[in-house]
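Let me begin by presenting the structure, written as structure tokens, before commenting on it.
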Amino acid sequence: MSNEEQLRDNIETFTNFEPLSDKEREILNEVVKAMQKLPTIQCTSCKYCCDGCPVNISIPDVISALNTLRMYGEDARPRFYYGNLVERSGRAGECIACGQCESVCPQHLPIIETMKEASEIFDKE
Ligand code: SF4
Ligand code: SF4
């Protein structure tokens, strides 16, 4: 968490918290192991990075397009998705590497590098 708003958001999530059962924990661990083997970027789409982006890049959506490409290889879906996305938000290639997003990302993702990768794939058509 990077600010009071995120803290309040998390407190609300855990109000009336009930711990997981042993069986649920076991299943969760299996899911985590399976996810760690995927070649995808582990963005949770929390959107904490979005508001402060000076060029209005919809960062989790760009990552989502990139993840789809990494998972399924070249096909039209991620390019179509990205094309629609950048009609209403910034292109990955417009990233000015200000670092705002990385300073608030709870997953500590290398967003600047990721925007470069996405731009090389999706902006050069
Ligand atoms: S580093 Fe790039 S993506 Fe991140 S907030 Fe700055 S301009 Fe936006
Ligand atoms: S802050 Fe990090 S985890 Fe959250 S949406 Fe942005 S890139 Fe994804």
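Index from 1, following the sequence. For ligands, and for the atoms within them, numbers begin at 1 and follow the listed sequence.
- Atoms CD1 and CD1, from I96 and I57 in turn, are 8.5 Å apart once rounded to the nearest 0.5 Å.
- Not one N, O or S atom of C101 sits under 2.8 Å from atom 2 (Fe) of ligand 2.
- By the rule that hydrophobic residues join a cluster once side-chain heavy atoms approach within less than 4.5 Å of another member, V55 and L109 end up as members of one cluster.
- A continuous path of Ile, Leu, Val, Met, Phe, Trp and Tyr side chains, each step under 4.5 Å between heavy atoms, connects I121 with I111, placing both in one hydrophobic cluster.
- With T40 as reference, N67 is the one residue of I63, N67, T68 to meet the side-chain contact (heavy atoms from CB on, under 4.5 Å) rule.
- Between M115 atom CE and L66 atom CG the span is 7.5 Å, to the nearest 0.5 Å.
- Residue, atom and distance of the protein heavy atom nearest to atom 2 (Fe) of ligand 1 are C95 SG, 2.3 Å.
- If you number the atoms of ligand 2 from 1 as listed, the ones under 4.0 Å from a heavy atom of I111 come out as 7 (S).
- For C50, no heavy-atom contact with ligand 2 is shorter than 4.0 Å.
- Here the heavy atom of the protein found nearest to atom 7 (S) of ligand 1 is I96 N, 3.5 Å.
- Neither the backbone nor the side chain of V104 has any atom closer than 4.0 Å to an atom of ligand 2 (non-hydrogen atoms only).
- Proximity of P60 to ligand 2, defined as any heavy-atom pair under 4.0 Å, is confined to the side chain (atoms from C-beta onward).
- Contacts with ligand 1 closer than 4.0 Å are made by backbone heavy atoms (N, CA, C, O) of A97 only, the side chain lying farther away.
- For Q100 (side chain) and C49 (main-chain N/O), a donor-acceptor pair under 3.5 Å exists by modelled atom type.
- Counting heavy atoms under 4.0 Å from ligand 2, residue Q107 touches it through the side chain alone.
- Those atoms of ligand 1 with a heavy atom of V55 less than 4.0 angstrom away are 7 (S).
- At the shortest separation from atom 5 (S) of ligand 2 among protein heavy atoms lies K47 N, 3.1 Å.
- Atoms OG and OH, from S58 and Y82 in turn, are 10.5 Å apart once rounded to the nearest 0.5 Å.
- Each of the following atoms of ligand 2 lies closer than 4.0 Å to a heavy atom of P106: 1 (S).
- Within the set T44, I41, T114, the minimum heavy-atom distance to atom 3 (S) of ligand 2 is found for T44.
- Residue contact annotation: C105 places no N/O/S atom under 2.8 Å from atom 8 (Fe) of ligand 2.
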